[in-house]
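Take a look at the structure set out below.
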Amino acid sequence: MRDVFEIRAQDAGGRVGDLHVPRADVTVETPALLPVVNPNVITVDPARFDEFGAEILITNSYIIKRDEALAERAREKGLHDLLGFDGAIMTDSGSFQLSEYGEIDTDTEEILRFQRDIGSDIGTPVDIPTPPDVERERAEDELRTTQERLELAETVDVGDMLVNAPVQGSTYPDLREDAGRHAYATDLDVFPVGAAVPMMNDYRYDDVARAVAGAKRGLGADAPVHLFGAGHPMMFALAVALGCDLFDSAAYALYARDDRYLTVHGTEQLTDLRHFPCACPICTEHDPEEVRRMPDAAREELLAEHNLHVSFTELRRVKQAIRDGDLLELVEARAHAHPRTLDGYRAFLDHAEQYETSDPASKDTFFYASAESARRPEVLRHRERLGRLSPEGHVLLSEGPRHDGYDDCWNVKPPFGPYPRELSELYPLTAEIPQNMDREGYEAAAKGIARLAGEHPDTAFTFAHESWPADALDYVPPRVTTVDLAEERLTGPDA
Ligand SMILES: [Zn+2]
C-alpha cells in the first residue's frame with residue numbers, strides 16, 4: 001500500500017484522490033492539473049495560479065540547471081521562492097529534451113540530487129521517452145535502460161522528495177504493462193505514462209488509451225498515475241476514466257502564443273471567434289474583437305488565462321462526475337464532440353472488462369446516450385451476472401406484460417438483456433434508454449439472452465420482443481422460441 005495516495009471516490013477507472021506531498025506539506029486533490037512553467041518564459045505568474053485552482057505545478061530542472069545564474073538562484077532561494085508558488089512543485093529531468101535533441105549533459109543521479117537541492121517536491125530520473133511506432137526491438141532496449149535508471153533512482157538520497165517512475169513502452173501495450181509492473185515494484189512514488197506527447201499532438205487518443213490501459217494493468221490500483229504532456233481539456237474526462245490522476249499543461253501557454261483558444265470540444269482560432277463560448281472572467285469581460293486588437297503580450301496572457309480557466313473548470317466537472325457516478329456519461333458527451341475523442345472512447349470500451357473491476361456496482365442512473373453505451377462496463381457486468389442467476393422450468397423473457405402460463409417471467413431491456421423482475425429497481429436496470437433504440441443496443445441485449453440460454457441448458461426460454469431487428473435476433477440461439485409481440489398474440493408454452 002502506497003501511503004502517498006488515497007482514493008476517495010471512484011467511477012469506471014477514474015478516481016478522486018489525495019496525493020500527499022510531504023516535502024511541500026501539501027495534499028493535492030486529484031485529478032489535478034499541473035501548469036507547466038518555463039522559468040525563462042513566464043506567461044501567467046505562478047503566484048496567481050491559485051486563482052485558477054492549481055495546487056501543484058511542474059517546471060523543468062534541466063532548463064534551470066543549464067543556466068548557471070538561474071541554477072545558482074534556484075539553489076539559494078529554492079524553487080518555491082524563485083517561482084513565487086507555495087503549492088507543490090514537480091520537476092522534469094531533461095528527458096523531454098533528450099527525446100527532442102538526442103542528447104543531454106546530465107544523468108539520473110546528478111539531476112535527482114540537483115532537483116533535491118533546489119527544493120523540488122517530486123523529482124524525475126532521466127528516462128528514455130521512446131516515441132510511438134518504433135521497431136519493437138528499440139522499444140524493448142530503451143525500456144530496459146529506463147528500468148535501470150529507475151533502479152538507480154531508488155539508490156539516490158533524495159530526502160523526502162517524491163520521485164517519478166516513468167512508464168515507457170512506445171505503442172506496445174504489453175511493454176507498457178511490463179513497464180508498469182516493474183515501476184510499481186520499485187519504491188518510487190508517482191507513475192507517469194511517458195512519451196504520450198507525440199500521440200497527443202496528433203490527436204491519437206485511441207493509442208493513448210491503449211498505452212494507458214496497458215500501463216494500468218501492470219500498476220497497482222493504488223498507484224497515482226500521471227499522463228505526461230496531456231494538457232488539452234477535451235481529453236481530460238477520457239484520460240481520467242482510463243485511470244490517470246495527474247495532467248500537465250504546457251498547452252495553456254503554447255496555444256495562447258499562437259492565438260489558439262481551448263474548449264472542451266477542441267481548439268478554436270481567435271480569428272474565427274465572434275463570441276467567446278465560455279463563462280470565465282476573461283470571456284465575460286472581453287469580446288474576441290477587443291482581444292484581437294490588444295498588443296501581443298497582453299493578448300497572449302489573456303488567452304492563457306482563459307485556457308487555464310477552461311482546463312480547471314473541466315477538471316472540477318470531471319471530479320463532480322466521479323462523485324455523482326456519471327463519469328462515463330461525461331466521457332461519452334465529450335467523445336461525440338470530436339471524432340478523435342470518439343476513437344479514444346471506443347478504445348476505452350475495448351478494455352471495458354479491465355475497467356469493470358473498479359467500476360462501482362451502484363451509481364447514478366445509467367443514461368444510454370449513443371451506440372457506444374451498449375459496450376459500457378455495466379452492460380458487460382450484467383451479462384456476466386446472468387451466469388450466476390438460476391432460471392428454472394420454462395421462462396418467458398418479455399418486453400411486454402407477464403403471462404401466467406410460464407414458470408417464471410423476466411423482463412428484457414436493451415442494452416442489458418434479460419433480468420428477473422425483482423431487479424428492475426436496481427442499478428443499472430433503472431437505465432434511461434431512448435424510445436428508438438439502435439441496433440447495437442438490441443444486439444447487446446440479444447447477446448445477454450444468448451449467454452443466459454448458454455449457461456442454463458436445462459431451462460426452456462421463450463423470448464417475446466417488440467419487433468427487434470433481424471440482425472439482433474440472429475444472436476438469439478435457435479433453442480429460444482421467439483415471438484414478435486407486434487405480430488402475434490403470446491400464448492402459454494403448451495398452447
Ligand atoms: Zn473563458
Side-chain angles (χ1 to χ4, degrees), residues 28-38 41-58 84-85 87 200-201 203 205 227 229-240 244 246-322 327 329-338 340-341:
V28 173
E29 187 181 60
T30 64
L33 177 65
L34 294 68
V36 175
V37 175
N38 179 337
V41 193
I42 300 286
T43 314
V44 177
D45 184 353
R48 291 185 48 210
F49 279 170
D50 64 348
E51 289 173 29
F52 304 90
E55 297 178 312
I56 176 170
L57 64 74
I58 181 167
F85 183 71
M200 237 115 43
N201 286 347
Y203 296 88
Y205 295 141
L227 187 54
H232 202 305
M234 71 190 282
M235 55 89 66
F236 287 167
L238 171 67
V240 169
C244 299
L246 301 168
F247 302 91
D248 56 279
S249 177
Y252 79 95
L254 296 177
Y255 282 49
R257 202 160 302 151
D258 300 335
D259 282 343
R260 286 184 290 170
Y261 175 99
L262 294 177
T263 83
V264 295
H265 305 305
T267 310
E268 302 281 355
Q269 295 290 334
L270 179 63
T271 44
D272 297 336
L273 288 175
R274 288 283 297 276
H275 309 277
F276 282 137
C278 173
C280 85
I282 304 303
C283 298
T284 45
E285 285 163 25
H286 304 275
D287 64 53
E289 184 52 36
E290 196 186 324
V291 176
R292 273 194 288 273
R293 284 199 305 262
M294 287 179 176
D296 289 354
R299 189 175 68 242
E300 186 179 324
E301 185 174 1
L302 284 190
L303 285 177
E305 287 182 35
H306 155 81
N307 288 345
L308 283 174
H309 278 300
V310 74
S311 302
F312 280 99
T313 302
E314 180 68 353
L315 267 196
R316 288 194 294 274
R317 196 178 284 122
V318 166
K319 284 191 264 200
Q320 184 62 36
I322 293 172
L327 177 61
E329 276 78 4
L330 178 62
V331 174
E332 196 152 325
R334 295 292 177 254
H336 288 288
H338 197 291
R340 297 284 88 78
T341 45

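Counting from 1, the numbers follow the sequence of the chain as shown. Atoms within each ligand, like the ligands themselves, are counted from 1 in listed order.
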- Item | Check against ring-ring contact (aromatic ring centres under 6.0 Å, His included), Tyr261 and Tyr255 | CA-CA 7 Å; Tyr261 175 99; Tyr255 282 49; over 10 Å; no
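For the pair Arg340 and Tyr203, the cation does not sit on the ring face, since its NZ or CZ is not both under 6.0 Å from the ring centre and inside 45° of the axis.
Thr267 and His232 are linked by a side-chain donor-acceptor pair at a separation below 3.5 angstrom, with hydrogens and angles left out of the test.
Rounded to 10°, the angle that SG of Cys278 and SG of Cys280 form at the Zn ion (ligand 1) is 110°.
As for His306, its N/O/S atom nearest the Zn ion (ligand 1) is the one called ND1.
The shortest distance between side-chain heavy atoms of Val318 and Ile322 falls below 4.5 Å.
None of the N, O or S atoms belonging to His309 lies under 2.8 Å away from the Zn ion (ligand 1).
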